[in-house]
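One structure below.
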Amino acid sequence: MKLTWIAVIVGAVVVVIIVLGVSLGLTVGKKKDFKSTFIDRCETFKRSDCKNIWKTFSKAYVRRNNCTVRMEDYNKLMDAAPLEPLCNKALFWSDTKDFARSIAAKTDNKTLEKTLLGHTLDGLTWCGKEGSDETFTSGCPSWGKDDCENNPVRSFWKRASAAFADAACGDVTALLNGDSDTPFSPTSIFGSIEIKRLKYPRVKSMKVVLVSKKKPKADCSHPSLVDLQNALDAGINYSCRSNGHKFSASVIVYLLLMGHFSL
Ligand code: N1C
């Protein structure tokens, strides 16, 4: 009798494990489609109009030739999700995405990826096709300009970065890569779009922080930083500091939190 009960309990446990395993496997294994990802991410910002934001977004590239989507095609999207002024906390970056993300996550600094549209589209690829209402996530032009400059993803980041720079005010920070041969690249989005839209007296100062994971190649005397200063609007105060060591993003965050390093 006792043995029968043990067999029944063990059997029930096995059934529960199998049911849970199968349903979990199905959920994890199923890739969310692009539209659901967009709306789910958008809704984390407690917006009730994410379906409308999606419609406005997709109109920019759906049914289009993927090499003719310009940054202006996202103007209506920017109007649908305008940015609040970002005073004394805008954090720009170039070639230092993981550093910027870790720092922004642990501090009050705000990167574009912490805003609704930046967060919603971070890391995603999308494009359309002439004669189709669908959004595609493969077979799209690549980020580099080799395919074509006016592609849906690149034009979005250019437009969103322009809006982000327009919203910045007071003191801003730029996190640049000290391991790079050119920490300030005039062809990057930071160098070609954002820096040009920072206007004095709305923006008072820019602090450049050079971070390195390896033995740093560049310090604050690097010639490309002279180009950066020349690109800055007259009146914006410039300063630069370099950590001068190889630090991982998590070490920098730790030093920041302990007050041994500041942005
Ligand atoms: O070309 P970049 O860097 O100088 O662009 C970074 C600059 C930041 O200050 C951001 O405000 O432009 C903005 N930006 C993003 O926020 C962003 N998120 C994700 C630009 N690009 C962004 N991405 C992706 O990073 C983009 O799809 C492409 O793959 C990179 C470009 O980064 P970069 O060349 O290091």
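Whatever order the structure lists them in is the order used to number ligands and atoms, beginning at 1.
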Give the intermediate values and the outcome of side chain to side chain contact (heavy atoms under 4.5 Å, CB included) for residues Met206 and Thr173. CA-CA 6 Å; Met206 169 175 288; Thr173 304; over 6 Å; no
Audit row: Leu232, Ile195, side chain to side chain contact (heavy atoms under 4.5 Å, CB included) steps and yes/no: CA-CA 6 Å; Leu232 264 186; Ile195 201 160; 3.9 Å; yes
Can you check side chain to side chain contact (heavy atoms under 4.5 Å, CB included) on Phe34 and Trp54, steps first, answer last? CA-CA 10 Å; Phe34 184 83; Trp54 160 260; 3.6 Å; yes
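At least one N or O atom of Ser94, backbone or side chain, sits closer than 3.5 Å to an N or O atom of ligand 1. Remark: ligand 1 and Val153 share no N or O pair separated by less than 3.5 Å (distance only, no angle test). Residue Thr96 has no N or O atom closer than 3.5 Å to an N or O atom of ligand 1. At least one N/O-N/O distance between Ile189 and ligand 1 falls below 3.5 Å.
By the criterion of a heavy-atom distance under 4.0 Å, neither the backbone nor the side chain of Arg154 is placed next to ligand 1. At a heavy-atom cutoff of 4.0 Å, ligand 1 is contacted by both the backbone and the side chain of Phe92. When non-hydrogen atoms are compared, ligand 1 lies under 4.0 Å from the side chain of Asp122 (C-beta onward) but not from its backbone.
Listed by number with element, the atoms of ligand 1 under 4.0 angstrom from any heavy atom of Ser161 are 12 (O), 13 (C), 14 (N). Close contacts of ligand 1 with Asp95, meaning ligand atoms under 4.0 Å from a residue heavy atom, involve 3 (O), 33 (P), 35 (O). The ligand atoms of ligand 1 that sit less than 4.0 angstrom from a heavy atom of Lys97 are 19 (C).
If you run side chain to side chain contact (heavy atoms under 4.5 Å, CB included) between Arg41 and each of Leu117, Leu116, Leu121, Leu124, only Leu124 comes through.
For Asp227, there are no salt bridge (charged side-chain N to carboxylate O under 4.0 Å, His left out) partners two or more places apart in sequence or in a different chain. Not counting sequence neighbours, Asp219 has no partner by the salt bridge (charged side-chain N to carboxylate O under 4.0 Å, His left out) test.
Lys158 has a carboxylate O that lies under 4.0 Å from a charged side-chain N of Glu149, or vice versa, which qualifies the two as a salt bridge. We find that Arg47 and Asp49 are joined by a salt bridge, their nearest charged nitrogen and carboxylate oxygen being less than 4.0 Å apart.
Using cut-offs of 30° and 60° for the angle between ring planes, the Phe156 and Tyr74 rings count as perpendicular.
Protein heavy atom closest to atom 28 (C) of ligand 1, with residue, atom name and distance, is Trp143 CE2, 3.3 Å. Among all protein heavy atoms, the one lying closest to atom 9 (O) of ligand 1 is Glu194 OE1, 2.7 Å.
Closest heavy-atom approach to atom 17 (C) of ligand 1 among the candidates Lys114, Glu113, Lys158: Glu113. Between the choices Trp93, Phe156, Trp157, the shortest heavy-atom distance to atom 32 (O) of ligand 1 belongs to Trp93.
Remark: atom 34 (O) of ligand 1 lies closer than 4.0 Å to no protein heavy atom.
Between Gly118 and ligand 1 there is no heavy-atom distance shorter than 4.0 Å.
Between the side chain of Thr115 and the main chain of Leu112, a donor-acceptor pair closer than 3.5 Å is present.
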